[in-house]
Amino acid sequence: HQSSLPICSTSQCQYIKHSRVSKAGSTASSASPGASAGRHSQSRMKLSTGIIFCFLILGVSSQRWASFLKEAGQGAKDMWRAYSDMREANYKNSDKYFHARGNYDAAQRGPGGAWAAKVISDARENIQRITDRFKHGSSGHGVEDSKADQAANEWGRSGKDPNHFRPAGLPDKY
């Protein structure tokens, strides 16, 4: 007698064919209608249990993704706020502080925020490297500044205090 048993993974449910084997090792045959109905009922129960189990796994997985995406969105807003504050402050030697602060705030949101901070920081530095090449050729102008920005980004993402980079005299508003 062939029946389908659910096998669940986090991404999908798959069904495999399973032969019911008797104690003697031979494949069982349906000896009576009652026995067949009992096995059919058991198969349905196993199938139902497997489907419910898959939905539970997929539900938990989707909640994690939803949480991750929410954190990433909030982290992107934190990065934008730090950038806007940096532009508004227009304060000498404050660049590293705002890099560290944006990354710190985003990473405090959770894994999604830390991911968003890294993606945004890396993209910004890569774009800046390209635009610097057009402005200054291959002179290496800005390479040290870019490395220092990335160090400040990592500092903030790791949970260290961004005030380490805060320049003296920067208004308390920031």
Side-chain angles (χ1 to χ4, degrees), residues 5-16 47-174:
L5 293 178
I7 297 194
C8 297
S9 69
T10 56
S11 62
Q12 65 181 2
C13 288
Q14 299 174 349
Y15 295 93
I16 60 169
L47 176 62
S48 299
T49 303
I51 289 171
I52 291 169
F53 185 67
C54 286
F55 281 132
L56 288 172
I57 289 175
L58 292 172
V60 169
S61 180
S62 68
Q63 285 177 351
R64 281 193 214 128
W65 275 106
S67 175
F68 183 88
L69 292 174
K70 180 180 177 185
E71 292 167 0
Q74 291 169 333
K77 286 180 185 176
D78 292 330
M79 295 291 287
W80 180 257
R81 186 173 37 258
Y83 176 74
S84 297
D85 286 350
M86 180 179 70
R87 302 275 299 187
E88 179 184 305
N90 196 24
Y91 199 83
K92 188 175 182 177
N93 298 322
S94 65
D95 181 45
K96 306 304 177 268
Y97 165 73
F98 287 107
H99 277 269
R101 195 194 84 187
N103 278 268
Y104 176 85
D105 291 346
Q108 295 304 299
R109 302 287 185 173
W115 174 82
K118 179 156 180 45
V119 168
I120 292 168
S121 296
D122 290 348
R124 181 187 181 279
E125 292 306 319
N126 288 332
I127 289 169
Q128 188 173 347
R129 192 175 321 145
I130 292 168
T131 57
D132 282 351
R133 188 167 290 248
F134 285 116
K135 289 180 189 174
H136 307 287
S138 58
S139 66
H141 181 271
V143 172
E144 293 80 20
D145 187 56
S146 181
K147 286 180 182 179
D149 286 348
Q150 286 290 49
N153 293 335
E154 290 173 27
W155 179 278
R157 270 195 312 273
S158 71
K160 295 178 182 172
D161 186 8
N163 287 315
H164 172 78
F165 295 97
R166 187 181 189 90
L170 181 67
D172 292 338
K173 174 183 177 181
Y174 306 109

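Along the sequence shown, residues carry numbers from 1.
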Report, as yes or no, whether the 6.0 Å neighbourhood of atom OH on Tyr83 holds more than 12 heavy atoms from other residues, nucleotides or ligands.
-> no
Taking atom CD of Gln108 and atom CZ of Arg157, what is their separation to the nearest 0.5 Å?
-> 13.0 Å
Can you tell me how far the CZ atom of Arg166 sits from the OH atom of Tyr174, to the nearest 0.5 Å?
-> 10.5 Å
Could you walk me through whether Leu170 and Phe98 pass side chain to side chain contact (heavy atoms under 4.5 Å, CB included), step by step?
-> CA-CA 11 Å; Leu170 181 67; Phe98 287 107; 4.3 Å; yes
Can a donor-acceptor pair be found between the side chains of Asn153 and Gln150 at a distance below 3.5 Å?
-> yes
d(Asp149 CG, Glu125 CD) to nearest 0.5 Å is 4.5 Å
Worked check of side chain to side chain contact (heavy atoms under 4.5 Å, CB included) between Ser121 and Glu154 = CA-CA 9 Å; Ser121 296; Glu154 290 173 27; over 6 Å; no
Salt bridge (charged side-chain N to carboxylate O under 4.0 Å, His left out) between Asp145 and Lys96, intermediate numbers included | CA-CA 9 Å; Asp145 187 56; Lys96 306 304 177 268; 2.7 Å; yes
In terms of the angle between their ring planes, are Phe68 and Trp65 parallel, tilted or perpendicular, with boundaries placed at 30° and 60°?
-> perpendicular
Which atom names give the shortest non-hydrogen contact between Ala168 and Tyr91, and what distance separates them?
-> O-OH, 3.0 Å
Taking all atoms of both residues into account, what is the closest heavy-atom pair of Ala76 and Ala116, and its distance?
-> N-CB, 4.2 Å
Point-to-point distance, once rounded to the nearest 0.5 Å, from NZ of Lys173 to CG of Asp85 = 7.0 Å
Taking it one step at a time, do Arg109 and Asp78 satisfy salt bridge (charged side-chain N to carboxylate O under 4.0 Å, His left out)?
-> CA-CA 9 Å; Arg109 302 287 185 173; Asp78 292 330; 2.9 Å; yes
Verify whether one side chain among Asp95 and His99 offers a donor that lies under 3.5 Å from an acceptor in the other.
-> yes
Smallest heavy-atom separation, Tyr97 atom then Asn163 atom, equals CE1-OD1, 3.5 Å
